[in-house]
Amino acid sequence: MDFGVQFKVRGDSFGGHFINGISMAESESVRKCELVFCDEDKSIYHSSDGYKITAYHIIKNNVYECYTTFENNSNSTATLEMLSSFCLQNISANTIHRATSFWSAEGKLLSQKLTELNMERSWSGHGIRIEKFGQIGSMPVRKWFPFIALEDSEKAEFIGVQLYCPSSWQIELFRYIEPLTLTGGLADFDYGHWCKDIAPGESFTTPKAIVAVESTLEKVCDTLVKFQNPNISPVDEDLPVIFNEYCTSWGNPTIESLEKIAKKLQNSGIKYLVMDSGWYKEQGKNWWDTIGDWNVSKELFPKGLKPVCDMIKSYGLIPGIWFEMENVAPLSQIYGETNHLLSRFGTPLNVSEHRFLDLRDEWCVKYLDEKVIKLLRENGFGYLKIDYNENIGVGCDGAESLGEGLRQYVLASQKYFKRIKEQLPDLVIENCASGGHRLEPSTMELCSMASFSDAHECKSIPIIAANLHRLIKPSQSQIWAVLRADDDIHRTYYSLISGFLGRLCISGEIFDLPQENWQIVLDAVKFYNEIKHIIKYGFTRIINCNVEDYNDPKGYQIVLRETENDALLIIHTFKNGANPPIGKYLENRNVIKIFGSSIDADFRSRCYLLEK
């Protein structure tokens, strides 16, 4: 692998070939550098302006861990406007693979020939050819995942990259002539309004990126995902099943409704009962408009939450609770504490009438200690769902640029995630951001699991769940299986088997289900417990799905996940997708167990536990 570096210091010339306004790469800052040292772990450059740039590319478990440190050894402050986390040079490729992402449509694979992107070199080699993409704001997975894979079909080689960046980021692929350069990191000044002042004697280090090389797309994705090292709580190591009551009460939990659920779940094999939003709402007000004060609703829970937790525990379950701790809503008292909220150009930063705590402010940290950590500890909660439903955009005040304010704010938010775990080490933390808007590696490493999506009851749930195998660990991907009293058995199987593509999370009207459907739920939990080692340790070798329209899926999906000794084959049919060709996946394998309905009609599901 040929590693380089890209950066730009304010005042230096932009690159040529019509690059200015598209990219800050290939600037005068790079041309002033000389490579003075290189080994397998790092490349060191000295600039004629007195800067030292160290591009690290450390080999760890068959991947490269990349990040860059800029040191200012000059006598004056340098303003960085761009600094790459990674830069791969002299690449040969003909196809680019990316993962698009919108709300309730996370991780859809987009594969394009470079010729489709008009990326072939010009007739003379003059003029930049570039494809640049990224995300701006505090939701790092919105429109795109911070991921790319480049395919050289002649060599059967795939180079994959994941950025560990929870704020604005960018990835750029460009060429003048052959070959290609791939670089990325924090969104630069032009793209994300980021710059950073580095005083004499000071330094700055970028977020890291992980680079892998494999022979197939699924292998390179698997290598990247398995490098992620999440902070799993001990109680969550064996991937227990979750029940979240959001799609049962829709933001109106009561101790009566929770006890009704707990009674039904007793001895079912389900471990967590999570109370979602609304537990704090004031009489006559919507739960969405009162986020921020976090006072237990006297209307819903007149005796507080301790009796709720005690009751849930009495049925053998671990109680959980929902918070959106970083945002504040217009009907909360804290909404007026503008000295402690994020601002832009001196005025409170409002998004859809919501504002944001500035977690760089110690006052806010102490406030959340009182409202979140104290509540969790005193009431005995074992599970915390952290949601995040708005994006602060390009940035905020408090630093030399809006983008640097954003970077500092997001790191302060991650620091508070860590503070919660330090105070409550056994707590299970779920990462949720309107579903999947924070499914990037550095945030995933802070949590036991994550909400895969806000896709609650749509037919595309198994498609989204399979997509995410390429991007996060299935053992962390919590998938909704929302059950309704009027579901037939085929719909019940369809929902539950979708959950086998990750962490099974049940919700809905379980106390009103026909007995036949409830028995299917109990059987599903037992089957899940037999296959969860494959979910946790396996390799997803096959994702066979060509659905184009998630609102009107047609065809079928076949997913095969394997370990050394066994495998899990999961089939979903969609419109006109009956009787998919699964025979070749069953060849030379013993069928240990089958779960599901027949797949001879539309919107059916079946799975096989196989022995190699």
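Treat the numbers as computed from the prediction; the structure is a model and nothing was measured.
Of all heavy-atom pairs between C87 and S84, the closest is CB-OG, 4.3 Å. The two residues N94 and S153 make their nearest non-hydrogen contact at ND2-OG, 2.5 Å. Smallest separation of non-hydrogen atoms from C447 and I429: CB-O, 3.4 Å. Among all heavy-atom pairs drawn from K196 and Q408, the shortest one is NZ-NE2, 3.9 Å. Heavy atoms only, all atoms of each residue included: L359 and L368 are closest at CD2-CD1, 3.5 Å. When every heavy atom of S111 is checked against every heavy atom of H97, the shortest pair comes out as OG-ND1, 2.6 Å.
Heavy-atom contacts from other residues, nucleotides or ligands closer than 6.0 Å to CG of N231 number more than 12. At most 12 heavy atoms of other shown residues, nucleotides or ligands fall within 6.0 angstrom of atom CD in E353. Residue I177 places its CD1 atom among 12 or fewer non-hydrogen atoms of other residues, nucleotides or ligands, all under 6.0 Å distant. Sparse packing is recorded around CD of E154, with 12 or fewer heavy atoms of other residues, nucleotides or ligands lying under 6.0 Å away. At most 12 heavy atoms of other shown residues, nucleotides or ligands fall within 6.0 angstrom of atom CG in N75.
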### Task
Step by step, work out the side-chain contact (heavy atoms from CB on, under 4.5 Å) result for D188 and K8.
CA-CA 9 Å; D188 61 33; K8 185 180 182 302; over 6 Å; no
### Task
Assess whether side-chain contact (heavy atoms from CB on, under 4.5 Å) is satisfied between I386 and N431, documenting all intermediate values.
CA-CA 6 Å; I386 300 177; N431 162 31; over 6 Å; no
### Task
Might you work through the side-chain contact (heavy atoms from CB on, under 4.5 Å) test for Q162 and Q228, ending with a clear yes or no?
CA-CA 10 Å; Q162 273 195 325; Q228 297 172 18; 3.0 Å; yes
### Verdict with reasoning, T79 to E81, per side-chain hydrogen bond (donor to acceptor under 3.5 Å, both in side chains)
CA-CA 6 Å; T79 300; E81 295 186 320; over 6 Å; no
### Message
Applying side-chain hydrogen bond (donor to acceptor under 3.5 Å, both in side chains) to Y409 and D397, what does each step give before you reach the verdict?
### Response
CA-CA 10 Å; Y409 155 76; D397 296 337; over 6 Å; no
### Task
Begin from the C-alpha positions of Y56 and Y64 and carry the test side-chain contact (heavy atoms from CB on, under 4.5 Å) through to its verdict.
CA-CA 9 Å; Y56 292 92; Y64 296 94; over 6 Å; no
### Task
Apply side-chain hydrogen bond (donor to acceptor under 3.5 Å, both in side chains) to D454 and S104, showing your working.
CA-CA 5 Å; D454 268 354; S104 290; 5.7 Å; no
### Task
Start with the C-alpha gap between S27 and D12, add the side-chain angles, then the distance that decides, and say whether side-chain hydrogen bond (donor to acceptor under 3.5 Å, both in side chains) holds.
CA-CA 7 Å; S27 71; D12 285 347; 5.7 Å; no
### Step-by-step salt bridge (Lys or Arg N to Asp or Glu O under 4.0 Å) determination, K536 to E237
CA-CA 9 Å; K536 186 172 184 178; E237 284 285 355; 3.1 Å; yes
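When side chains are defined from C-beta on, R355 counts as touching N350, because their heavy atoms get closer than 4.5 Å. Side-chain contact between D426 and P234 is present, with at least one heavy-atom pair separated by less than 4.5 Å. Looking only at side-chain heavy atoms (C-beta outward), E106 and L468 come within less than 4.5 Å of each other. Counting heavy atoms from C-beta on, the side chains of I198 and T77 never come closer than 4.5 Å. Within the 4.5 Å cutoff, no side-chain heavy atoms of K421 are placed close to those of L446. Counting heavy atoms from C-beta outward, Q476 and S448 have side chains that stay 4.5 Å or more apart. Between I53 and T69 there is no side-chain heavy-atom pair separated by less than 4.5 Å. Counting only heavy atoms from C-beta outward, the side chains of E157 and S215 never approach each other to under 4.5 Å.
Of the possible polar contacts, none joining the R344 side chain to the L349 backbone as a donor-acceptor pair under 3.5 Å is found. Remark: side-chain polar atoms of H17 are paired, donor with acceptor, to backbone N or O of G127 under 3.5 angstrom. Of the possible polar contacts, one joining the E440 side chain to the T443 backbone as a donor-acceptor pair under 3.5 Å is found. S401 places a side-chain N or O within donor-acceptor distance of the main-chain N or O of E404, the cut-off being under 3.5 Å. Side-chain N or O atoms of R121 include none that pairs as donor or acceptor with a backbone N or O of E178 at under 3.5 Å.
Using cut-offs of 30° and 60° on the angle between ring planes, the pair F133 and W169 is perpendicular. Taking the six-membered ring where tryptophan is involved, the planes of Y51 and F70 are tilted, since the angle between them lies from 30° to 60°. Between F174 and Y176, the ring planes are perpendicular. Angles over 60° get that label, and only those under 30° would be called parallel.
Between E116 and K113 there is no salt bridge, since no side-chain nitrogen of the basic residue lies less than 4.0 Å from a carboxylate oxygen of the acidic one. Salt bridge R438/E430: absent, no basic N to carboxylate O contact under 4.0 Å. Taking a cutoff of 4.0 Å between a charged side-chain nitrogen and a carboxylate oxygen, D361 and K366 do not qualify as a salt bridge.
Note that the CD1 atom of I210 and the OG atom of S85 stand 10.5 Å from one another [nearest 0.5 Å]. Within the model, atoms NZ of K473 and CD1 of I535 stand 13.5 Å from one another, a figure rounded to the nearest 0.5 Å.
Ring centroid separation for the pair W194 and F204 comes in under the 6.0 Å cut-off. Centroid-to-centroid, the aromatic rings of F3 and F86 stay 6.0 Å apart or farther.
Relative to the six-membered ring of Y67, K208 misses at least one condition, a distance below 6.0 Å or an angle of at most 45° to the axis. Cation-pi geometry between R470 and F145 is not satisfied (NZ or CZ under 6.0 Å from the ring centre, within 45° of the ring normal).
Between the side chains of T181 and Q89, no donor-acceptor pair of N or O atoms lies under 3.5 Å.
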